[in-house]
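Below: one structure, written as structure tokens.
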Amino acid sequence: MYLALLVIFLQCSELYAQGKVYQVFTFNGVKIKVEPSDKVKNGAPMSIICHADISKNTDFQLKHNFTFFKDGKLVFMSISDKEDARYEIPVAKSADTGDYECRVKAGDKVVISKPTYVWVAGMTKPVLTADKKEVSEGEIVKLRCELPEEVPPLEFYFRKIKTNSEPIAKRVAEQNQNFSEMEYYVEAGDNILQFDCFGKRQVKSGWESSQHSNKTLVTVKEPFRKPTLITKPSNNLTEGDIIEFQCSTVATEMRGVEIIFQKNRTILNSIRDKGTLKYSTLATQEDSGEYLCKVEQGAVSKTTKLNVFVSELFPKPTLSASMTQLDENKDLILNCSINGSRTANFSILRKSSSGDILLKRSRILAIKVNVNDTGSYTCKAEVKGIVKESKPVRISVYAPVSKPTLSVVSGSPEVVLGKPLQLICHSVMGTPPITFTFYKGDEIKKNVTNDTYATFLDEDIGLNDNGGYKCDARNNHSSGVKTSNILNVTVIVPIRSASLGSVPYGEVEVGSDTAFLCSVKEGSWPIHFKIFKKTDQEELLYEAREYSDRTIWHKKTMKRRDTGTYYCMASNRASVDVRSRPITISVILAAWQKGVIAAFVLTALAGAGAVVLWWFLRKKKKAKGPSMEMSGSALTPSLASEKLTRPPSDGNYYSGSGYIEDNENHMKSTDESKGPDLESAEVDYTEVEVSTLDPHRDSMENRHSRIYGHPDAT
């Protein structure tokens, strides 16, 4: 029975499980709503409502976690079974302005709403306080402006309000606090001051301003009064009158008070720790203008201005001269006068860098001038102690110019064709300025005004410009123009195209003469010629100075060592060396020298042939036996009778490099012309041993010839 109940229970549990439904939900969206609206007045209540739109498959309870954000910062959280949550703000402030968002979490699902901008219009009224209610001129008053319940960043504006003038505002930006401070300097004349302030903050639509704060009143005390400035006898005077200025003030504490009297920027007088300053002077027309009396104590300064007009007593004098430019030793008359012919004390002076030089206390000055009297002159007139000076008059006294000299700057009256020529014209005497004129032929080339000399550069030098330069010199002296002597200039033509030749050309026999010719196509004489042979150090062989376009060098007795490359160089006063192309000279053996060498070689060859023949016959004789020996002994008497001095049979040789001696011809190795040439002839010789006699040389019996080996012979 129990078993049947257990089976029934299990079956019922399985049926219950099959009938249970799985809970499903989804977010359709999350929205924010603001009550009463998204623009709320400052101080009014405000509600931020977050609504979650959720769909479920069945009706079941679901917990919702609501989180409210303002400008990305968490401001409120709520957990509810409902799909709505409220964030209540009983009193809205400007700080509540911003972007609001709502995040809803249910189960493992999270949804965030779109941001909604809420603007709390209006700012709290700022509060202004001052650290002092009463200050003195020159002191500083410190103000503090605060915006309660406002959140930075904020901007503060402080205003200084003076009676009958526009307020002066100063701006201060605060990034981290809701108050700001400002210091104001109390200026002279700030009797009663009022201050206020207001604030600003930035919203999406722009800038929003607060109301103006309460007005703060500050009373200002004067440490001293504004000065008074008077003149005696009046501020309208005539030159020569005595004018007296008086500047005064009243101060609560005179210590530290300074009175300064000035005209324009020039301080005329000053005084300290006293209430009155006086200044007097003899009035002149230059004293007309604005005067300033300034009183200072610490940071406070007060000024008073006064204009003074001084009328002219007499005009400035005029200095006239009989002449302003004149020759030395001429008469000069200077006359000083005043318009209106008023009586005055006159004096005539000469201006100098070290001070004016008094010439005469008179109206008229007459002198005979010299060049040292050149300068500026003025005159002065005095009436009732007033002295006035005329404008300066320039007097120039001239000495005549001397005859100029014309020369070349480089010193030598020569110029290279194509190069510029610089001339200088100089006058030793004469009062400057002097005008110099340069001529080339009859053509004026240049005018120069200078003190004592002038230069001229002629860059157009032609081949025919050999003279005709001159110059003139003149100044303001009545003697007129002086002319230099005519300067003749030699035009140097540079060397062009040097060439070198020789006769004979190319190959020259030993012992013969050779003529070298160096010439140029163009160039001014004299010409300096040089002939070189190319060696390691460029050997100079010949040089000459010729008044011609060529030179000839005769080289006597050419030798084998004269073989080589030659060139020449030519130059003149143009200082340019022109080099020719090189030529090659080969010194060869003469015909007779070649014949001697050929004969010697042939003789050597004949001797060699005789040796070979003797060797062959002797070998053949040994092959025939005793009969040949007998024949050989039969020849001995004839050998004994031969008149030839024969070298011993101990192996001595003569060399083809030896020399031959006989009674008629003797060749010496020390011969100056033949020895070296023979040495240089590269002939090979063969050493042979003479052991037989030539039967055909009976005709040579009366000539004794000998051949000696010599290491230096050829």
Considering all heavy atoms of both residues, which atom of [X] and which atom of [Y] are nearest to each other, and what is their separation?
X	Y	result
Lys109	Phe25	NZ-O, 2.7 Å
Phe195	Val141	CZ-CG1, 4.0 Å
Thr231	Val308	CG2-CG2, 4.1 Å
Cys102	Val30	O-CG1, 4.1 Å
Thr124	Asn42	N-ND2, 3.9 Å
Ile271	Thr276	CD1-O, 3.6 Å

Within the distance-only criterion (no hydrogens, no angle test), does the side chain of [X] pair as donor or acceptor with the backbone N or O of [Y] below 3.5 angstrom?
X	Y	value
Thr304	Pro227	yes
Ser270	Ile260	no
Asp99	Asp71	no
Asn475	His477	yes
Thr281	Ala283	no
Thr67	Met77	no
His51	Lys33	no
Glu146	Pro148	no
Thr252	Pro223	yes
Thr249	Gly275	no

Name all pairs fulfilling the salt bridge (charged side-chain N to carboxylate O under 4.0 Å, His left out) condition that reach into residues 268-291, sequence neighbours left out, sorted by first residue then second.
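Sorted result for residues 268-291: Glu258-Arg272.
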Does [atom1] belonging to [X] count more than 12 external heavy atoms closer than 6.0 Å?
X	atom1	result
Arg225	CZ	no
Asn176	CG	no
Ile333	CD1	no
Lys73	NZ	no
Lys226	NZ	no

Using a strict cut-off of less than 4.0 Å between a Lys/Arg side-chain nitrogen and an Asp/Glu carboxylate oxygen, indicate whether [X] and [Y] qualify as a salt bridge.
X	Y	answer
Glu239	Lys388	yes
Arg350	Asp356	no
Arg255	Glu253	no
Lys142	Glu181	yes
Glu134	Lys132	no
Lys31	Asp53	no

Less than 4.5 Å apart, side chain to side chain, heavy atoms only: is that true for Leu349 and Cys379?
no
Side-chain heavy atoms of Leu62 within contact of Lys56, under 4.5 Å
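Yes, their side chains come closer than 4.5 Å.
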If you draw the axis of the six-membered ring of Phe66, does the NZ or CZ of Arg103 fall within 45° of it and under 6.0 Å from the ring centre?
no
Taking the six-membered ring of Tyr279, is NZ or CZ of Lys263 closer than 6.0 Å to its centre and within 45° of its axis?
no
Passes salt bridge (charged side-chain N to carboxylate O under 4.0 Å, His left out), Lys302 versus Glu296? Steps please.
CA-CA 7 Å; Lys302 297 181 181 181; Glu296 295 179 345; over 6 Å; no
Glu35/Arg86 under salt bridge (charged side-chain N to carboxylate O under 4.0 Å, His left out): CA gap, chis, key distance, verdict:
CA-CA 10 Å; Glu35 291 182 353; Arg86 298 174 69 92; 3.2 Å; yes
Tyr291/Phe261 aromatic ring centres below 6.0 Å:
yes
Less than 3.5 Å apart, any donor N or O on the side chain of [X] or [Y] sitting next to an acceptor on the other?
X	Y	result
Ser113	Glu101	no
Ser78	Ser80	no
Tyr185	Glu183	no
Ser55	Thr26	no

Can you name the salt bridge (Lys or Arg N to Asp or Glu O under 4.0 Å) partners of Asp84, sequence neighbours left out?
none
In terms of relative ring orientation, are Phe76 and Phe68 parallel, tilted or perpendicular, with 30° and 60° separating the classes?
tilted
Which is it for Lys221 and Glu139 under the salt bridge (charged side-chain N to carboxylate O under 4.0 Å, His left out) test, yes or no, and what are the steps along the way?
CA-CA 10 Å; Lys221 298 184 297 182; Glu139 291 184 347; over 6 Å; no
Atom pair OG/CG of Ser376 and Leu319 - distance to nearest 0.5 Å:
10.5 Å
Working note: Glu208 + Lys200, criterion salt bridge (charged side-chain N to carboxylate O under 4.0 Å, His left out); need CA distance, chi angles, decisive distance, verdict.
CA-CA 5 Å; Glu208 186 177 25; Lys200 283 186 177 182; over 6 Å; no
Which residues pass the side chain to side chain donor-acceptor pair (under 3.5 Å) test with Asn447, sequence neighbours left out?
Thr437
